[in-house]
Protein chains: 2
Amino acid sequence: MSAISERRERERAQRHQLIITAARELAEAEGWEAVTTRRLAERVEYSQPVLYSHFDGKDAIMRAVALEGFAELADRLRRVRLASTEPSRALHAVGRAYLDFAAEQPALYQAMFELPTDVKFAHAETPASLRAGFDEFVSCFDPDDPRRELLAEVTWSALHGIAALAKSGRIPPGGQAERLDLIVTRIAGTP
Amino acid sequence: MSAISERRERERAQRHQLIITAARELAEAEGWEAVTTRRLAERVEYSQPVLYSHFDGKDAIMRAVALEGFAELADRLRRVRLASTEPSRALHAVGRAYLDFAAEQPALYQAMFELPTDVKFAHAETPASLRAGFDEFVSCFDPDDPRRELLAEVTWSALHGIAALAKSGRIPPGGQAERLDLIVTRIAGTP
DNA sequence: ACCACATCGTAGCAACGCTAGACATCCTGC
DNA sequence: GCAGGATGTCTAGCGTTGCTACGATGTGGT
């Protein structure tokens, strides 16, 4: 009984992850509008109702994908920040890593930051990985500066702005490096 | 024949605008996901196929709403900029007007800047009203500065970032004024 | 007055998210 | 070892979506 139900639980967890990965791959390959419950079910080789035994619905699946993305992004930003020898260049490196993340995985980024979500961001029940990503920006500023939370917010928002507008073609996709330079030098520079 | 077909054409144009207005109001009241072709048809008191004799589909209707929004935004920004007596404060005023526009009409803003679109932004066939809105930002900077296009791009992007993230609850909706201050002083301030 | 044409509504299609109930399969207790 | 119960999966279907083919209606020109 114990060993068997453990195996079942293991299989169930694997399938849970399989659904998330399949949704993410499908979204990245053909966009979120192509991620239907039918296609997703076919892809994981189960019937539709199985999806609903793991998630409350399509939105919950997208939320799970987004959460996975938050963890990966926070990890990536952290690594880049710690690898920066000079603190003054840390923000630049983190910013570039952020833009690269958005450009390399547009569908994932969309699920995280653009699609409507009920994930709470600046609340008590905010997932840790979510706060962790933001904190990487905060850590790039002087701990003694009382406005460093605000500076991090605005830096993040500006990066999100150029990432989102470039992704949808609303500003020319080239020239992101130049925009990043401007943001970093103006915001992180001495006031 | 002439007078009658002219009247028909007039009625047709009125209905065209009626559809756009109805879609916009419905989206603003209940969100874009509530704007279905059936509900929209009922609201304008015609049957569904009539919508398709005016627009290529739902996306085209949303595009028409967005274009109307671009014209209004450009107009609003222009007025605010010209009303600014002191040039150094023009950018601040334009920025606040932009954020107000986004906050007051979230569905319209969403159609303009967040939803997938095939409207070209930085191309030859860019609608005039669209370029006009961007130019209001450009005009806030020194005409002799070779980087003023870049400065306008980044300013606009940063404003879009805080508008979009605040609208979806990803940053606290309060404190936009503080963020605006920071963006304006850091970007428009002397480098 | 009559025909031709344009215009509009009814009805229907495939696909969507989601769910109820039948079916099969496996574990448990005697 | 074997029936009984519980767990898990699939088939089938509901209501709604964007969109369209086709028939009815009514107007305009000759």
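To find a chain, count down the sequence lines: A is the first, B the second, and so on, and within it residues start at 1. Both backbone and side-chain heavy atoms feed into the values below; hydrogens, waters and symmetry mates do not.
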Look at the aromatic rings of [X] and [Y] and report parallel, tilted or perpendicular, splitting at 30° and 60°.
X	Y	result
B:Tyr109	B:Tyr98	perpendicular
B:His16	B:His54	tilted
B:Phe70	B:Phe113	perpendicular

Check each residue of [range] for a non-hydrogen atom within less than 4.0 Å of any atom in DNA chain C, then write out the ones that pass by number, or none.
range	answer
residues 49-67 of chain B	B:Pro49, B:Val50
residues 24-38 of chain A	A:Val35, A:Thr36, A:Thr37, A:Arg38
residues 108-115 of chain B	none

Grab the [atom1]-[atom2] distance between [X] and [N] for me, whole Å please.
X	N	atom1	atom2	value
A:Arg10	D:dG8	CZ	P	15 Å
B:Leu40	D:dT17	CG	C1'	14 Å
A:Ile19	C:dG17	CD1	P	14 Å
B:Glu42	C:dT10	CD	P	12 Å
B:Arg15	C:dA6	CZ	C1'	12 Å

Review point. How far does CZ of B:Phe137 sit from CG of B:Leu77, to the nearest 0.5 angstrom?
Key: 5.5 Å
**Study point:** Atom pair CD (B:Glu178) and CD (A:Glu153), whose distance is rounded to the nearest 0.5 Å
**Key:** 8.5 Å
Point to revise | Donor-acceptor pair present, A:Gln48 side chain and D:dC10 base, under 3.5 Å | key: no
Check your understanding: How would you label the contact of A:Arg39 with the nucleic acid (heavy atoms, under 4.0 Å): base, sugar-phosphate, or nothing?
Key -> nothing
Does [X] come within less than 4.0 Å of [Y], counting only side-chain N to carboxylate O?
X	Y	result
A:Arg43	A:Glu30	no
A:Glu33	A:Lys58	no
A:Asp75	A:Arg79	yes

Check your understanding: Any idea which of C:dC8, D:dT9, D:dC10 is nearest the B:Ser47 side chain?
Key -> C:dC8
Check your understanding: Does the A:Glu28 side chain pair with the main chain of A:Leu108, one donor and one acceptor, at a distance under 3.5 Å?
Key -> yes
Point to revise | Validation row: A:Gln17, A:Glu68 side chains within 4.5 angstrom (heavy atoms) | key: yes
Practice item. Tell me yes or no: between the side chains of B:Ser168 and B:Arg170, is some donor less than 3.5 Å from an acceptor? Key: yes
Practice item. State whether B:Arg12 places a side-chain N or O below 4.0 Å from either non-bridging phosphate oxygen (OP1 or OP2) of C:dC8. Key: no
